[in-house]
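Inspection log for the structure reproduced underneath, given as structure tokens.
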Amino acid sequence: MTQREIRPGRIALVASDTEEAHQALVSLTALYGNATPGEADVIVALGGDGLMLQTLHRFMNSGIPIYGMNRGSVGFLMNEYQEDGLLERLAAADVTTIHPLYMQAIDQAGVQYSARAINEVSLLRQTYQAAKLRISVDGRERLEELICDGCLVATPAGSTAYNLSAHGPILPISAPLLALTPISAFRPRRWRGALVPNHAVVEIEVMESAKRPVSAAADHTEIRNVAKVSVREDKSSACLIMSDAGHGWDERILSEMFRY
């Protein structure tokens with residue numbers, strides 16, 4: 001593993017709004033300083049997975065790696081919080097490149113939207129009535145009618161998040177796959193989803209959209225009353241995420257696979 005050069009005074013710190021994260025920000029600033037992101041070799045995010053996703057989106061395509069330390073509630077994306085030896089940990093950390101999903105959505109009025117997702121693109125019913133969806137992959141219809149609460153397309157990085165809660169498969173971080181997972185499927189009841197190549201385009205059409213409205217969310221960006229959504233991996237965009245040596249993405253995902 002190649003050591004990465006982290007120069008003193010070239011760490012940028014960002015923190016969530018919690019008291020715990022604010023205290024960590026004060027302590028680490030006193031020890032290591034707090035550079036502006038434009039001057040930084042690395043950005044250290046202090047909070048939970050929500051802050052980590054926001055930071056990855058904010059600095060997407062910047063070439064600056066993001067190292068998270070858990071000062072939140074979940075912290076799957078984060079490393080353990082320790083104040084001592086941070087420069088050494090950063091220098092030895094593994095860096096993983098993550099490509100986001102690119103969502104294009106058209107709402108019932110014909111307005112087009114686009115957004116990117118690091119974890120998943122999810123479609124969810126907006127009312128008491130189940131959604132009725134038609135699913136195609138690379139222009140070929142694969143599921144004529146899915147009656148459900150919704151469905152999602154997840155990256156390997158996001159496969160342990162909402163996708164896992166919906167009983168979708170966990171994907172190794174380097175797998176060239178996306179998980180297509182139904183949420184509370186009513187018909188066909190036995191369909192458990194699919195694995196599709198990461199170069200595929202998944203198209204989801206909302207049937208009876210006026211009667212059965214559906215929203216689409218790409219991470220924290222939500223579009224209401226969608227009529228059609230397409231999802232693909234965006235190879236032209238990238239985020240760099242840092243993990244402590246020996247506790248990288250492959251290890252985290254393997255540990256999650258054997259959790260019971």
Side-chain angles (χ1 to χ4, degrees), residues 14-18 21 37 43 45-62 64-68 70 72-78 96-107 112-126 131 149-166 168-171 173 175 177-183 193 196 198 200-204 206 214-226 228-243 249 252-253 256:
V14 297
S16 64
D17 293 332
T18 66
I43 295 169
L46 305 167
D49 286 347
L51 175 76
M52 189 63 170
L53 282 175
Q54 292 174 18
T55 307
L56 289 168
H57 275 280
R58 179 182 172 189
F59 295 102
M60 188 180 295
N61 295 326
S62 68
I64 305 173
I66 314 298
Y67 179 88
N70 191 14
S73 57
V74 180
F76 182 83
L77 301 175
M78 315 301 275
T96 301
T97 300
I98 296 175
H99 297 290
L101 298 174
Y102 181 66
M103 176 187 79
Q104 292 179 296
I106 302 174
D107 70 12
Q112 298 187 28
Y113 304 85
S114 64
R116 287 174 175 79
I118 293 165
N119 272 355
E120 76 279 315
V121 170
S122 58
L123 280 75
L124 296 168
R125 64 185 176 107
Q126 292 178 196
D149 280 354
C151 71
L152 59 85
V153 180
T155 65
S159 68
T160 57
Y162 192 5
N163 174 73
L164 180 59
S165 298
I170 298 175
L171 304 178
I173 194 64
L177 299 168
L178 303 174
L180 173 58
T181 302
I183 302 169
V196 299
N198 63 350
V201 178
V202 178
E203 294 182 339
I204 304 168
V206 180
V214 169
S215 66
D219 285 347
H220 50 264
T221 301
E222 183 184 28
I223 312 300
R224 305 283 286 182
N225 301 309
V226 296
K228 189 174 183 180
V229 174
S230 69
V231 183
R232 61 175 173 82
E233 186 178 80
D234 183 7
K235 283 290 188 184
S236 66
S237 297
C239 305
L240 301 179
I241 188 168
M242 302 178 77
S243 302
W249 277 96
R252 296 183 198 195
I253 289 175
E256 197 67 39

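Positions are given from 1, in the same order as the sequence printed here. Remember, predicted model here, so these are calculated numbers, not experimental data. Quick note: numbers below take in every heavy atom, side chains included, and nothing from hydrogens, waters or symmetry partners.
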Gap between atom CE of M103 and atom OG1 of T221 - 0.5 Å precision: 7.0 Å
Gap separating the CD atom of E203 from the NZ atom of K228, nearest 0.5 angstrom: 4.5 Å
Smallest separation among heavy atoms of A131 and R125, with atom names: N-CB, 4.1 Å
Spacing of CG belonging to L152 relative to CD1 belonging to I183, to within rounding of 0.5 Å: 4.5 Å
Shortest non-hydrogen contact from R116 toward S237: NE-OG, 3.4 Å
Where T155 and A117 come nearest, the two heavy atoms and their spacing: CG2-O, 4.4 Å
Approximate separation, where rounding is to 0.5 Å, of I98 CD1 and M60 CE: 9.5 Å
Option passing side chain to side chain contact (heavy atoms under 4.5 Å, CB included) with M52 (candidates N70, I66, I118): I66
Test item: N61 side-chain N/O and A238 main-chain N/O as donor-acceptor pair under 3.5 Å: yes
Non-hydrogen atoms of D234 and S236 that approach each other most closely: OD1-OG, 2.5 Å
Any donor-acceptor pair under 3.5 Å from N163 side chain to P169 backbone: yes
Criterion side chain to side chain contact (heavy atoms under 4.5 Å, CB included) on V202 and R232, from CA distance to verdict: CA-CA 6 Å; V202 178; R232 61 175 173 82; over 6 Å; no
Heavy-atom closest contact (Q126 atom, N225 atom, distance): OE1-N, 2.8 Å
Test log, rule side chain to side chain contact (heavy atoms under 4.5 Å, CB included), inputs V229 and I223: CA-CA 10 Å; V229 174; I223 312 300; over 6 Å; no
Shortest non-hydrogen contact between T97 and L240, atoms and distance: OG1-CD2, 3.3 Å
Between OG on residue S62 and CG on residue L56, distance to nearest 0.5 Å: 9.5 Å
Short side-chain donor-acceptor distance under 3.5 Å, N119 and Y162: no
R58 side chain near V14 side chain, heavy-atom distance below 4.5 Å: yes
Non-neighbouring partners of R224 that pass side-chain hydrogen bond (donor to acceptor under 3.5 Å, both in side chains), sequence neighbours left out: E222
Side-chain donor or acceptor of S159 paired with backbone N/O of L171 under 3.5 Å: yes
Distance in Å, I241 CD1 paired with M78 CE, rounded so as to fall on 0.5 Å steps: 8.5 Å
Non-hydrogen side-chain atoms of V214 and I204 separated by less than 4.5 Å: no
side-chain hydrogen bond (donor to acceptor under 3.5 Å, both in side chains) partners for S122, two or more places apart: none
